[in-house]
> 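Once you've had a glance at the structure underneath, I'll fire off some questions.
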Amino acid sequence: METSARPSKGIFDGANSESRQHVVELLTRAYWMEIETVMSYLAASVNLDGVRAQEIKESLAQDIEEELGHARLFASRIKELYGVVPGSEGFAAEQGFLQPPEEQTDVVHVIRGVIKAETGAIEHYTRIVEETDQIDPVTQDMVIGVLHDEQGHRRLFEGFLREYEFEGLA
Ligand SMILES: [Fe+2]
Ligand SMILES: [Fe+2]
């Protein structure tokens with residue numbers, strides 16, 4: 001270790017500005033994924049019809065708060081890394097699979113869409129965890145927490161899907 005060198009400021013070090021910018025880009029994508037998930041889950045939590053839909057609607061309504069919390073975390077971290085949280089014009093929808101179904105009783109369509117959205121989030125957040133390793137432990141730590149939440153969401157909806165499959169409804 002060089003004793004003459006200045007102590008490293010990690011991700012905030014001038015020499016690491018490129019890495020910092022890259023982390024901001026990864027976080028910005030994560031932010032948009034959360035925002036779109038809030039939109040999709042909000043719509044589904046209201047649109048679905050039927051006795052069977054109630055559990056799913058309640059679960060989604062709860063998730064909306066969690067996903068919004070994730071968006072807040074990502075936004076704060078973008079700011080801390082000297083990035084700028086984008087405005088609405090930067091948004092581009094990607095969740096074609098989570099558009100309202102033809103029939104609002106089609107709960108399976110929504111369950112599958114949620115699993116797909118959660119899987120996408122898990123993949124992207126796993127990438128952030130990998131790419132921030134040794135580079136930005138604070139972002140990494142935060143994203144590990146969010147990743148844990150998404151794994152829980154996906155597992156819950158996989159359980160819902162299994163029930164429908166077991167009953168021959170999916
Ligand atoms: Fe989330
Ligand atoms: Fe989630």
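As the structure lists them, so they are numbered: ligands from 1, and atoms in each ligand from 1. By convention here, the first residue in the shown sequence is residue 1.
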> Determine yes or no for a side-chain-to-main-chain donor-acceptor pair under 3.5 angstrom, with Gln99 supplying the side chain and Gln95 the backbone.
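Yes; at least one donor-acceptor contact below 3.5 Å.
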
> So which pairs with a foot in residues 156-170 pass salt bridge (Lys or Arg N to Asp or Glu O under 4.0 Å), sequence neighbours left out?
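Every pair satisfying salt bridge (Lys or Arg N to Asp or Glu O under 4.0 Å) with a residue in residues 156-170: Arg52-Glu167, Arg154-Glu158.
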
> Around the Fe ion (ligand 1), what protein N, O or S atoms are found below 2.8 Å?
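For the Fe ion (ligand 1), the protein N, O and S atoms that sit under 2.8 Å away are Glu34 OE1, Glu34 OE2, Glu67 OE1, His70 ND1, Glu150 OE2.
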
> Under the salt bridge (Lys or Arg N to Asp or Glu O under 4.0 Å) definition, can you give me all pairs with a residue in residues 32-42, not counting sequence neighbours?
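Those involving residues 32-42 do not exist here.
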
> Under the side chain to side chain contact (heavy atoms under 4.5 Å, CB included) test against Val23, which residue among Asp136, Asn16, Ile78, Val143 passes?
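The single option meeting the side chain to side chain contact (heavy atoms under 4.5 Å, CB included) with Val23 is Asp136.
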
> Could Arg127 and Glu130 be called an ion pair, given the rule that one side-chain N must be under 4.0 Å from one carboxylate O?
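No, no charged N to carboxylate O under 4.0 Å.
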
> With a cutoff of under 4.5 Å between side-chain heavy atoms, which Ile, Leu, Val, Met, Phe, Trp and Tyr residues group with Leu98?
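Traced through the cluster, Leu98 reaches Val38, Tyr41, Leu42, Leu48, Ile56, Leu60, Ile64, Leu68, Phe97, Val107, Val108, Val110, Ile111, Val114, Ile115, Leu156, Phe157, Phe160, Leu161, Tyr164, Leu169.
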
